Amino acid sequence: MRIKLWGVRGSIPTPLSTEIIKKKLKKALTLASPGDISSEESIDRFINSLPYSVTGSYGGNTTCFEVRTDSGELFIIDCGTGIKALGMELAKGDFGKGLGNGNVLLTHTHWDHIQGIPFFLPFFIEGNKFNIYSPFNDLKERIEYQQVFTHFPVNLDYMLATKEFITLEKESEFYLNDIKIMNKRMRHPGGAFGYRIEENGKTFIYTSDCEFNVDEMNDIDTYKNFFQDADVVVFDAQYTFNEFIDKIDWGHSPASIAIDIASRFNVKRLILFHHDPDYSDEKLDEVLSNSKTYMSINTRKSGSLQLDIAREGMVIDL
Ligand SMILES: [Zn+2]
Ligand SMILES: [Zn+2]
């Protein structure tokens, strides 16, 4: 299974500004010594030694993941603005000729999870076929509503690909050939669902927009079936712990709770995700560093858990 991250930001797209790029340049120049810029090789070495927040960006597009299974099935999980670049990439192959087949899994219909749909090129091309899954029985109406004339010039029917909306039973599982897909209800305003995808003994879990507060943690074993022994879990860690306490019922979690849950259920790799739009790249470096400190003070609990933070363009092979 191969997973590619096309959008990792929560709530609203967050483009880089000129001011931020200037800050990154200034920081890099401040850190350089004459030897670091004396040759092309030393410049490359110096650039590669800098923190990620100086040389790159975690990304500003809202939520969208591409999952390619070993058997060649395509799953798109959530359709935030990251889906636009994915659509351009897909259109270079069968989806550009109207010969593509794909599946979409939607966690819920908040803007940051659907706002890329009107710009998803493969939906415009006749002949492409998509099955769009969610546990919401009015999903089609919700998506159509985003494209009524007062909000967007063309409606969903104008997008000529075949789009079949399939309602999943809540907290159930289904099979697509040998791929098992399970959904799990998450605590979030208006409701949201996580997805567990299993194929050939490998498990990928996408848990966006979930609030694990005291009630949820008291009943955490009801999540055992969903999280247990996963290879990779992508988890909503929008807030710091202090923000989490201030924003009870806003529907998101802090990294420390993601770590506690991943550790409890023997997850191999945890990826923090759904970054707050107010978080700079430096702040996200800090979130990762603080989270690693949190793990290190309780290694007995966190065991061999591998921790990472989502970056746009990141590829995960299982
Ligand atoms: Zn969201
Ligand atoms: Zn949401």
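What you see is a predicted model; the values in this text were computed from it and never measured. As the structure lists them, so they are numbered: ligands from 1, and atoms in each ligand from 1.
To the nearest 10 degrees, the angle centred on the Zn ion (ligand 1) between NE2 in H274 and OD2 in D112 reads 90°.
The two atoms that bring G251 and P189 nearest to each other are CA-CD, 3.6 Å, heavy atoms only.
Taking the N/O/S atoms of D209 in turn, the shortest distance to the Zn ion (ligand 2) belongs to OD2. Closest approach between the Zn ion (ligand 2) and any N/O/S atom of H110 involves ND1. Taking the Zn ion (ligand 2) as reference, the nearest N/O/S atom within H108 carries the name NE2.
D236 and H188 share no side-chain donor-acceptor pair at under 3.5 Å. Side chains of D112 and H274: a donor-acceptor N/O pair is present below 3.5 angstrom, by distance only.
For K184 and Y195, the positive end is not near the middle of the six-membered ring at less than 6.0 Å and at most 45° from its axis. The side-chain tip of R311 points at the ring of Y52 from less than 6.0 angstrom away and within 45° of straight on.
At least one N/O/S atom of H188, whether from backbone or side chain, sits less than 2.8 Å from the Zn ion (ligand 2).
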